[in-house]
Amino acid sequence: MPEINNYYSNNMNTTSRRSAILKFGALIAGAGTVPDLIGKELDDVRILPGYAGNTSPVSRPLTAIVIGAGNRGNVYAGYALKYPDELKIVGVAEPIEHKNERFAKAHGIPDENRFPSWEYVFQRPKFADAVIITTPDNLHYGPAMKALPLGYNMILEKVVAQSWKECNDILQAAVKFNSIVAVCHVLRYTAYFRKLKELVSTGFFGDILSVQHMEPVGHIHMSHSFVRGPWRNSKESNPMILSKSCHDTDILRWLIDKPCKKVSSFGELSLFRKENAPAGSPLRCTDGCPVEAHCPYSALKVYQKNRWYLGHLNLVNETDEEILEKLKTTRYGICVYKMDNDVVDHQICNFEFEGGITAAFSMEAMTPYGGRRTRIMGTKGHTVGDESDLECFNLETGESLKWNVNQAEITSGHGGGDYGLVHDFVRASLNHDPSLLTSTVQASMESHLMGFMAEKSRLADGKSMDIKM
Ligand SMILES: NC(=O)c1ccc[n+]([C@@H]2O[C@H](COP(=O)([O-])OP(=O)(O)OC[C@H]3O[C@@H](n4cnc5c(N)ncnc54)[C@H](O)[C@@H]3O)[C@@H](O)[C@H]2O)c1
């Protein structure tokens, strides 16, 4: 057991995880209760399957229309290709021609159900059970508010909308029209966070008193998504505490399971600013930048050499020439210090929950690693985790429990959360039973409000803000 004080260090990095996995080999999947696990060696531990929800067979495939056939739209629709007995995609709205065409071909969508924009879908009478809204953040509200009165159920990407009022409108419409709305807080469906939630719910830690939670974004991820990419500007999308960290406020709210009462927050955009541009650097990395060879954020390195994050470049063939052309003509080739970004690269929030429970959250962008770090201190137990390993201590008995995510069956991105969400949505929707989902819009709203109020506090020099639903 590593020193718990070192948990932000490399104790739980990929290499050590890998060697732990190799050392302990394949683990047995099966049901188990928390008390059974205490004090057992890792290779004795029996684990729960990835999805703790209802795994019953479905009577027919749920039908759905994808609105926005980009990265996320293709991820969720991938479930239909893998499990055609459960989900069938029958329509698509996507303005980029080649994306629309490829998507329609992959799912066998007839021409009459292909649309160049979301508005056209709702000019037709309802023709599917559900819509999957995976458009950019500023295009969630419009389609959601049209779909709900027509009686569609909905998978709705986070961030739900761009203001608390818009989020609340969607919530009210979902209630009024009795629709099932799953917000894509996919971490709730991961094996790791389900295991953590199960430990909390079964009383392993006693009553939670305090939580420390950190989101290390990763420096290249930051430079793509939050400096050059879709979430760089809070007016076009949302502030960082929502666009990146609504998952984290949601996980805190879910684990603590009490209303959040107050927040104060500080944070800045410090690195990716014009005054930090290297001397002599041109606007674009392709224009003969003198530091390009040493710059970790060089667009040539990120996109052309390493071919990372190409999804947002909307490429047809992904050839070197096509990528270079995009770097010369789109914002993805612009120097990271010369963009129109305004979202923060570090932010801290202090939350107070009902009953005096406290939670401290940090978002840190420039990290060479990912994997959210969480410590929970309860009256009877303690844990440290990094989205892969959990190490728990029982303060009363002195016994310990180790758990590794590789003990669970993972079948999709976000630690199994992406397909976990669709799996539960299909069942909730076909049975019209929202209790089969954990991230209904009702359950997700308060954590969005925590984000909106945290941002308000940050902009008010950290003034403490009351949170009232
Ligand atoms: N749950 C998560 O963990 C997670 C992760 C990443 C992104 N997201 C969210 O998912 C959403 C989509 O992100 P993405 O990375 O897939 O972006 P993306 O750009 O890859 O996909 C969005 C798609 O919407 C299309 N679109 C634009 N205007 C449209 C219109 N008028 N009608 C229909 N389609 C339109 C775009 O052409 C694009 O193909 C965002 O809200 C984002 O915040 C969630």
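Ligands are counted one by one from 1 in listed order, and the atoms in each one are counted from 1 as well. Sequential numbering from 1 along the given sequence is applied to the chain's residues.
- Atom numbering of ligand 1 starts at 1 in the shown order; those under 4.0 Å from a heavy atom of H247 are 1 (N), 2 (C), 3 (O).
- Atom 9 (C) of ligand 1 has as its closest protein heavy atom K158 O, 3.3 Å.
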Output, in order, the C-alpha distance, side-chain angles, deciding distance and verdict of salt bridge (Lys or Arg N to Asp or Glu O under 4.0 Å) for E215 and K244. CA-CA 9 Å; E215 183 180 18; K244 189 74 184 95; 2.9 Å; yes
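- Contact atoms of ligand 1 toward I96: 37 (O) (distance under 4.0 Å to a heavy atom of the residue).
- Nearest heavy-atom pair across L171 and V441 is CD1-CG1, 4.0 Å.
- What sits closest to atom 32 (N) of ligand 1 on the protein, heavy atoms only, is W118 N, 3.1 Å.
- When heavy-atom distances to ligand 1 are checked against a 4.0 Å cut-off, N314 has no atom that comes that close, whether in backbone or side chain.
- Here H224 and Y297 keep their ring centres 6.0 angstrom or further from each other.
- Within the set H312, E157, E94, the minimum heavy-atom distance to atom 1 (N) of ligand 1 is found for E157.
- Within the 6.0 Å centre-distance limit, the rings of Y309 and H221 are counted as a close aromatic pair.
- In this model, a donor atom of one side chain and an acceptor atom of the other lie less than 3.5 Å apart for R72 and Y76.
- What sits closest to atom 20 (O) of ligand 1 on the protein, heavy atoms only, is N71 N, 2.9 Å.
- Checked by distance only, ligand 1 and I67 stay at 3.5 Å or farther apart across all their nitrogen or oxygen atoms.
- Counting heavy atoms closer than 4.0 Å to ligand 1, residue R72 contributes atoms from both its backbone and its side chain.
- Heavy-atom contacts of A93 reach the following atoms of ligand 1: 33 (C), 34 (N) (cutoff under 4.0 Å).
- By the criterion of a heavy-atom distance under 4.0 Å, neither the backbone nor the side chain of E119 is placed next to ligand 1.
- Ligand 1 lies nowhere less than 4.0 angstrom from a heavy atom belonging to P230.
- Among protein heavy atoms, the minimum distance from atom 28 (N) of ligand 1 is reached at L139 CD1, 3.3 Å.
- Here the heavy atom of the protein found nearest to atom 30 (C) of ligand 1 is S117 OG, 3.7 Å.
- Scanning the protein heavy atoms around atom 22 (C) of ligand 1, the nearest turns out to be T134 O, 3.4 Å.
- Just one residue in the list V344, I241, V263 forms a side-chain contact (heavy atoms from CB on, under 4.5 Å) with R458, and that residue is V344.
- When heavy-atom distances to ligand 1 are checked against a 4.0 Å cut-off, D137 comes that close through both its backbone and its side chain.
- Two rings, from Y83 and H423, have their centers 6.0 Å or more apart.
- Given atom 34 (N) of ligand 1, the protein heavy atom at minimum distance is P95 CD, 3.3 Å.
- Ranked by closest heavy atom to atom 42 (C) of ligand 1, the top entry among W231, F115, Y120 is W231.
- Under the 30°/60° scheme for interplanar angles, the aromatic rings of F122 and Y152 are found to stand perpendicular.
- Close approach of ligand 1 to P136 is summarised as follows: ligand atoms under 4.0 Å from at least one heavy atom of the residue are 22 (C), 24 (O), 27 (C), 41 (O).
- For atom 21 (O) of ligand 1, the choice among G70, S237, G417, A69 with the nearest heavy atom turns out to be G70.
- Of all protein heavy atoms, the one closest to atom 11 (C) of ligand 1 is T135 O, 3.4 Å.
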